[in-house]
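One structure is given below, encoded as structure tokens.
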2 protein chains.
Amino acid sequence: MKLRKEYTCPLEFIHDILRGKWKTVIMWQIYYRKNPSLSQLQKDIKGISQKILLEQLNELLEYKLVSKEKSLGYPLNVQYYITNDKGMKVIEALKIYQKLGEIYLDELKSISK
Amino acid sequence: MKLRKEYTCPLEFIHDILRGKWKTVIMWQIYYRKNPSLSQLQKDIKGISQKILLEQLNELLEYKLVSKEKSLGYPLNVQYYITNDKGMKVIEALKIYQKLGEIYLDELKSISK
DNA sequence: CGGTATCCTTCGCGATACTG
DNA sequence: CAGTATCGCGAAGGATACCG
């Protein structure tokens, strides 16, 4: 995700990091599933390819919103974590989005009845 | 912004609405500036064109995150508002983003020293 | 299982000009 | 000042194949 030269406010910076189609869901699933592996994440997130998943995870690692740990030996295993400081701040915001999303979906249901 | 067929979680729905490059800043500025006019918004948001601004505003109106009021007569004047229920929920989330953004920018400053 | 490389497509966004 | 119409580009993201 490209960053720009001029920002109207600091919020814009965070938004540019998280704007992508998948980053918020990825973080949400890491949080919700409690430190899943790569393959676990791919199973949980509908429609994402492994390439894109890794690409997005690496960007999240860059910005220290997510961290990972490899266990030694075979079979290979990796766990992804939400970072306590920055990552969890994002999760707090996503909790609000989640609740709001439920409201929208409830409305859609009662309309289609 | 295109919505998808399958959602992993309700949060994904909200994210898809707000994903665009400008929607979050637009909402932030409406909130911060307290019900600005179209031209006011365009002045405040760096780099946005009027066409894009209107396009994004109309989508926000669709989802009832923002509302507007026209005053009668000339000169034409319109005021944009954040809706109390849904819109303000988003603002709560953006406040968290804003704070987090400040942290990142502070870090950048102290690195460049 | 975790990760990388290549190629291709799409649609979000920008530039620009015009109307009431 | 508020709002609409047209056209084109580029980067985000998808499909697929391959490696340790």
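Letters A, B, ... mirror the listed sequences (proteins, then strands); counts begin at 1.
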Can you tell me how far the OG1 atom of B/T8 sits from the CD1 atom of A/I48, to the nearest 0.5 Å?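 B/T8 OG1 to A/I48 CD1: 8.5 Å, rounded to 0.5 Å.
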
Side chain to side chain contact (heavy atoms under 4.5 Å, CB included) involving A/L76 - partner list, sequence neighbours excluded: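 Partners of A/L76 by the side chain to side chain contact (heavy atoms under 4.5 Å, CB included) criterion, ordered by chain and then number, come out as A/Y74.
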
Scan A/Q40 against the nucleic acid and name what it touches under 4.0 Å (heavy atoms): base, sugar-phosphate only, or nothing.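 It contacts nothing in the nucleic acid.
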
Would you indicate what A/Q56 reaches in the nucleic acid, counting non-hydrogen atoms under 4.0 angstrom: base, sugar-phosphate, or nothing?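 Sugar-phosphate: the residue A/Q56, judged by heavy atoms under 4.0 Å, touches backbone atoms but no base.
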
Test item: A/Q79 side-chain N/O and A/N35 main-chain N/O as donor-acceptor pair under 3.5 Å: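 It does hold such a pair.
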
Take the protein atom [atom1] of [X] and the nucleotide atom [atom2] of [N], then report the distance between them rounded to whole Å.
{"X": "A/K70", "N": "C/dG2", "atom1": "NZ", "atom2": "P", "value": "11 Å"}
{"X": "A/L53", "N": "C/dT4", "atom1": "CG", "atom2": "C1'", "value": "14 Å"}
{"X": "A/L57", "N": "C/dG3", "atom1": "CG", "atom2": "C1'", "value": "11 Å"}
{"X": "A/E69", "N": "C/dG2", "atom1": "CD", "atom2": "C1'", "value": "16 Å"}
{"X": "B/I52", "N": "C/dG12", "atom1": "CD1", "atom2": "C1'", "value": "8 Å"}
{"X": "A/L41", "N": "C/dG3", "atom1": "CG", "atom2": "C1'", "value": "14 Å"}
{"X": "A/L54", "N": "C/dA5", "atom1": "CG", "atom2": "P", "value": "12 Å"}
{"X": "A/L38", "N": "C/dT4", "atom1": "CG", "atom2": "C1'", "value": "13 Å"}

Set of side chain to side chain donor-acceptor pair (under 3.5 Å) partners for [X], sequence neighbours left out:
{"X": "B/T83", "value": "none"}
{"X": "B/S67", "value": "none"}
{"X": "B/K21", "value": "none"}
{"X": "B/Q29", "value": "none"}

Sequence neighbours excluded, every pair satisfying ring-ring contact (aromatic ring centres under 6.0 Å, His included) that has a member inside residues 28-67 of chain B: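 Counting only pairs at least two positions apart or across chains, no ring-ring contact (aromatic ring centres under 6.0 Å, His included) contact touches residues 28-67 of chain B.
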
Kindly state each residue pair satisfying ring-ring contact (aromatic ring centres under 6.0 Å, His included) with at least one member in residues 86-109 of chain B, sequence neighbours excluded.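 For residues 86-109 of chain B, and leaving out neighbouring residues, the ring-ring contact (aromatic ring centres under 6.0 Å, His included) pairs sorted by first residue read A/F13-B/Y104.
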
Which atom names give the shortest non-hydrogen contact between A/I103 and B/K89, and what distance separates them?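 Between these two residues, the closest heavy atoms are CD1-NZ, 3.7 Å.
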
Shortest non-hydrogen contact between B/E107 and B/S110, atoms and distance: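 Nearest pair, atom of B/E107 first, then B/S110: O-OG, 3.1 Å.
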
B/S/- contact track for nucleotides 15-20 of chain C, protein heavy atom under 4.0 Å: BB---B

A/I96: which other cluster members, linking ILVMFWY side chains closer than 4.5 Å, directly or transitively?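 When side chains under 4.5 Å apart are linked, the cluster holding A/I96 also contains B/I96.
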
Hey, is CG on A/D85 packed in by over 12 heavy atoms from elsewhere, all under 6.0 Å?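 Yes, enclosed.
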
Which nucleotide span of DNA chain D, 5' end to 3' end, has atoms closer than 4.0 Å to non-hydrogen atoms of chain A?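 Contact boundaries, 5' end first: D/dA11 to D/dG20.
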
Among residues 11-36 of chain B, which contact DNA chain D at a heavy-atom distance under 4.0 Å?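 The stretch gives B/R19 as the residues lying under 4.0 Å from the strand, ordered by number.
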
Using five base pairs at each end, measure the axis-to-axis angle across the helix from C/dC1-D/dG20 to C/dG20-D/dC1 and round it to 10 degrees.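 Between the axes fitted at each end of the helix from C/dC1-D/dG20 to C/dG20-D/dC1 lies an angle of 50°.
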
Salt bridge B/K99-A/E92, side-chain N to carboxylate O under 4.0 Å: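 So B/K99 does not pair with A/E92 through a salt bridge.
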
Phosphate-side-chain proximity, A/K2 and C/dG12, N/O vs OP1/OP2 below 4.0 Å: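 Indeed not, no polar side-chain atom of A/K2 lies that close.
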
